[in-house]
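One structure is given here, and the rest of the page talks about it.
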Amino acid sequence: MILGLTEIILNNIAVSRKDEKIIMYLVPIILTLPVFLIDWETIGSGLGDFVSSILTISALLVTFGVASITILFTSSSKNIEHAKEFYAGEITEGVEDEKEDKKLGDEEKEDNLVKDVDGKAVNFFQLIIIRSYYAVVMEFLLIGLGLLSKIFLTSCVFTEGISNMITIFFEHEVPTVVYPVMMFILSALLLHAIIVLGYALLDIYYLMWPNKN
């Protein structure tokens with residue numbers, strides 16, 4: 001299972017262009033950095049409700065993502081069949097690049113195609129599936145982290161700037177900086193999952209109207 005999840009993550013990185021990687025990974029971090037400017041005690045007092053909202057949104061996104069994957073696999077439309085024969089590099093590079101590809105040899109065309117982590121060319125249908133699966137994996141990860149955060153918060157006793165985390169196994173003080181860090185991670189991961197899902201939906205849009213890519 002771990003190997004399968006790792007392969008999904010690595011494949012998404014492999015099939016994404018440089019500009020897509022910047023938007024997927026860097027933009028969520030930049031947008032959520034201002035969290036550290038908020039008063040940490042204020043974050044601590046409202047973090048429980050925030051985590052609950054994250055769990056609700058993540059559950060909805062997982063439902064939508066799984067439904068989308070199911071529809072893609074069960075659909076037998078001509079667009080789906082065409083996407084299985086059309087390689088991702090021919091679509092993601094744009095119309096102008098396609099014109100240039102016509103002048104290239106077979107080996108050069110192969111180098112321009114989008115490839116997975118194993119170096120195999122990925123068709124457009126596989127590209128959509130990879131991104132859809134990756135989005136669902138990130139959403140499940142978000143749910144897991146949200147649940148752990150809930151457990152952490154329910155086992156804390158708040159004092160003035162310091163919280164005492166008491167469990168069966170140990171007792172120690174946790175600095176309030178932990179709360180903005182938790183909010184930062186959850187917020188960034190949620191934005192990341194939404195952006196990846198957005199790319200997958202955009203690919204599906206191009207699948208329905210291939211002349212628009």
Side-chain angles (χ1 to χ4, degrees), residues 1-13 16 20-71 129-202:
M1 181 178 179
I2 300 299
L3 292 177
L5 295 176
T6 303
E7 182 178 351
I8 292 174
I9 294 172
L10 293 178
N11 273 334
N12 182 74
I13 296 174
S16 300
E20 292 175 337
K21 290 176 183 176
I22 291 175
I23 295 175
M24 286 181 187
Y25 298 100
L26 189 58
V27 170
I29 293 176
I30 294 175
L31 291 179
T32 51
L33 277 176
V35 165
F36 292 99
L37 300 178
I38 305 174
D39 181 70
W40 294 353
E41 292 184 9
T42 302
I43 292 178
S45 61
L47 190 57
D49 293 335
F50 175 78
V51 172
S52 297
S53 298
I54 288 288
L55 289 172
T56 301
I57 295 172
S58 300
L60 292 174
L61 290 176
V62 167
T63 302
F64 178 80
V66 172
S68 299
I69 294 173
T70 302
I71 291 174
I129 293 300
I130 288 173
R131 286 179 172 169
S132 298
Y133 269 107
Y134 177 82
V136 171
V137 169
M138 290 298 103
E139 289 151 13
F140 272 117
L141 176 60
L142 189 58
I143 290 176
L145 291 176
L147 291 175
L148 289 176
S149 299
K150 269 291 188 182
I151 295 173
F152 173 83
L153 292 173
T154 55
S155 60
C156 289
V157 179
F158 297 96
T159 60
E160 298 180 0
I162 296 293
S163 62
N164 298 320
M165 181 176 178
I166 304 172
T167 67
I168 298 175
F169 305 102
F170 58 88
E171 177 180 349
H172 61 275
E173 293 183 338
V174 180
T176 51
V177 69
V178 171
Y179 301 123
V181 170
M182 289 170 59
M183 180 173 283
F184 170 77
I185 293 174
L186 293 175
S187 300
L189 190 56
L190 177 61
L191 284 177
H192 174 63
I194 291 175
I195 290 173
V196 175
L197 184 59
Y199 271 116
L201 291 176
L202 188 61

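Computed from a prediction, not measured in an experiment: that's the story for all the values here. The figures here come from the full heavy-atom set of this structure, side chains too, leaving out hydrogens, waters and symmetry mates.
- When Val136, Leu142, Leu190 are each tested for a side chain to side chain contact (heavy atoms under 4.5 Å, CB included) with Leu61, only one passes: Leu190.
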| task | Please step through side chain to side chain contact (heavy atoms under 4.5 Å, CB included) for the pair Met138 and Val196, ending with a clear verdict. | result | CA-CA 9 Å; Met138 290 298 103; Val196 175; 5.7 Å; no

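- The distance from atom CD1 of Ile194 to atom CD1 of Ile57, rounded to the nearest 0.5 Å, is 6.5 Å.
- Rounding to the nearest 0.5 angstrom, the gap separating the CZ atom in Arg131 from the CG atom in Leu202 is 8.5 Å.
- To the nearest 0.5 Å, the span separating CD on Glu139 from CD1 on Ile54 amounts to 11.5 Å.
- Using modelled atom types, no side-chain atom of His192 and backbone atom of Pro28 make a donor-acceptor pair closer than 3.5 Å.
- When all heavy atoms are compared, the tightest approach of Ile143 to Leu55 is O-CD2, 3.5 Å.
- Ring orientation note: the planes of Tyr134 and Tyr25 are nearly perpendicular, at an angle over 60° on the 30°/60° scale.
- The structure places OH of Tyr199 at 5.5 Å from CE of Met24, a figure rounded to the nearest 0.5 Å.
- Across every non-hydrogen atom of Ala135 and Ala193, the tightest pair is CB-O, 4.3 Å.
- Rounded to the nearest 0.5 Å, atoms CD1 (Ile30) and CG (Leu191) are 12.0 Å apart.
- Judged by distance alone, with hydrogens and angles left aside, the side-chain atoms of Lys150 form no donor-acceptor pair with the main-chain N or O of Ser52 at under 3.5 Å.
- Among Leu186, Ile185, Leu47, the one residue that satisfies the side chain to side chain contact (heavy atoms under 4.5 Å, CB included) test with Ser149 is Leu186.
- The CD1 atom of Ile29 sits 10.5 Å away from the CG atom of Leu189 when rounded to the nearest 0.5 Å.
- Side chain of Ser187 to backbone of Phe184: no donor-acceptor contact under 3.5 angstrom is found.
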